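Structure first, commentary second.
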Protein chains: 2
Amino acid sequence: MPTVETPVESMVTAFRERCRASGLALTHQRELIYRAIVSSKHHPSPELIFDEVRRQTPSISLATVYKNIHTFLEAGLLREVSPHHGSLRLEANLAEHHHLVCTRCKAIVDLDESELEPIHLSRKLRAGYRILRYTVEFQGLCPACTDALKTT
Amino acid sequence: MPTVETPVESMVTAFRERCRASGLALTHQRELIYRAIVSSKHHPSPELIFDEVRRQTPSISLATVYKNIHTFLEAGLLREVSPHHGSLRLEANLAEHHHLVCTRCKAIVDLDESELEPIHLSRKLRAGYRILRYTVEFQGLCPACTDALKTT
DNA sequence: TTCGTAAAGGAGAATCATTCTCCAACTATG
DNA sequence: CATAGTTGGAGAATGATTCTCCTTTACGAA
């Protein structure tokens, strides 16, 4: 009689199917990397994933971890937590406002607080957290990139 | 008769006062760097600020730009657009959810969509943008860091 | 104003994250 | 199990950021 799959296992199963559907070879390393990310309760960096995965397969290379992370991001199997992590980006506008981030050209446009209704938490936030502020990050395409993709 | 200050000039004036109040020496380079950021309509990277500032003072060093950005961030004169830009951070959870980011230890915790009321835009977003999704980034302190700061 | 001192700047090396190159090993298939 | 096309491994290369070390500057006191 079949055992109920744990959430991690069912995600790994789905992962295998999606690899097959996308024509991605199902290698030992890929499954380890994906499994490490799914199993993590945090939002691990490539370096952390590498450390984890290396415990199972010490010969794995950091470059392999990076390559597969990008492969998985393109296939939509993973998501990047920060839409603009590559380089420090600064602003002097200290008023509450939000951001529109173009996923293609990485432009960031301000959206004033007044353009949005206030956000309400429907439950008390977890005990022990001290929330100082929030920002809404909208992801999408800016006008120039919307056009560029139409033309292509 | 006094001229009305432009927004940029009034921010630079406030900047000078806040430097004095914080005991920061008011150098030529600092004012140039701050002015470059305030004048930018985008959210510039250190490299872009350097390029801009170098047009006025070709001898300025990139290290000076970085050092002062950090000084300004600590003094609360600037804000970092991304709360976690240093390294790629990943997640396999593709469902809509939000993040609590600890500004001290950089931990990122998930907050389910159901813990928040839906967000409504009170006006039509700027024409030409194509919004795909949004994420609310809450910034604050996690329980461990809240305790750590109490003790210190 | 001039000076002394602490703070800040400049140049380039060092470090850290990420990507690339190139060749060997492996997966999927027949 | 042979083969073609992917993928993996190792280390060099690149890009962003920080550090080191020495020189210059800002600014309060004389």
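This one's a predicted model, so the numbers in the text were calculated from it and none came from an experiment. Residue numbers start from 1 in every chain, and the chains themselves are labelled A, B, ... in the order their sequence lines are given, proteins ahead of strands.
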Of the candidate nucleotides [options], which contains the atom at the shortest distance from the side chain of [X]?
{"X": "H70(A)", "options": "dG9(C), dC19(D), dT19(C)", "result": "dT19(C)"}
{"X": "A63(B)", "options": "dG12(C), dG8(D), dT18(C)", "result": "dG12(C)"}
{"X": "L88(A)", "options": "dT17(D), dA11(C), dG9(C)", "result": "dT17(D)"}

When the distance from [atom1] of [X] to [atom2] of [N] is rounded to whole Å, what number comes out?
{"X": "E80(B)", "N": "dA16(D)", "atom1": "CD", "atom2": "P", "value": "16 Å"}
{"X": "R20(B)", "N": "dA7(C)", "atom1": "CZ", "atom2": "P", "value": "18 Å"}
{"X": "R54(A)", "N": "dG8(D)", "atom1": "CZ", "atom2": "P", "value": "17 Å"}
{"X": "L24(A)", "N": "dG8(D)", "atom1": "CG", "atom2": "P", "value": "10 Å"}
{"X": "R89(B)", "N": "dT18(C)", "atom1": "CZ", "atom2": "P", "value": "11 Å"}
{"X": "L32(A)", "N": "dT7(D)", "atom1": "CG", "atom2": "P", "value": "16 Å"}
{"X": "E31(B)", "N": "dG9(C)", "atom1": "CD", "atom2": "C1'", "value": "16 Å"}
{"X": "R30(A)", "N": "dT7(D)", "atom1": "CZ", "atom2": "P", "value": "4 Å"}

Checklist entry - If you look at every strand shown and take non-hydrogen atoms under 4.0 Å, does A25(A) touch a base, only sugar-phosphate, or nothing? => result sugar-phosphate
Next on the checklist: Categorize L62(B) for me: base, sugar-phosphate, or nothing, with a 4.0 angstrom heavy-atom threshold over every strand shown.
Outcome noted: base
Checklist entry - Between L26(B) and K67(B), which is nearer to the 5' end of DNA chain D once each is assigned its nearest nucleotide? => result K67(B)
Would one find a side-chain N or O of [X] under 4.0 angstrom from OP1 or OP2 of [N]?
{"X": "T27(A)", "N": "dG8(D)", "value": "yes"}
{"X": "S59(A)", "N": "dG9(D)", "value": "yes"}
{"X": "Q29(A)", "N": "dG9(D)", "value": "yes"}
{"X": "S87(B)", "N": "dT18(C)", "value": "yes"}
{"X": "T64(A)", "N": "dG9(D)", "value": "yes"}
{"X": "H28(B)", "N": "dG9(C)", "value": "no"}

Item to check | Whichever of I60(B) and Y66(A) has its nearest DNA chain C nucleotide further upstream toward 5' | outcome: I60(B)
Item to check | E91(B) and K41(A) ion-paired at < 4.0 Å | outcome: no
Checklist entry - Any ion pair linking E80(B) and R89(A) (charged N to carboxylate O, less than 4.0 Å)? => result no
Item to check | Transitive ILVMFWY side-chain link V109(A) to L111(A), under 4.5 Å | outcome: yes
Checklist entry - Any chain of hydrophobic side-chain contacts (each under 4.5 Å) joining L88(B) to L62(A)? => result yes
Item to check | N/O donor-acceptor pair under 3.5 Å between H43(B) side chain and I108(A) backbone | outcome: yes
Item to check | Any T71(A) side-chain heavy atom under 4.5 Å of L77(A) side chain | outcome: no
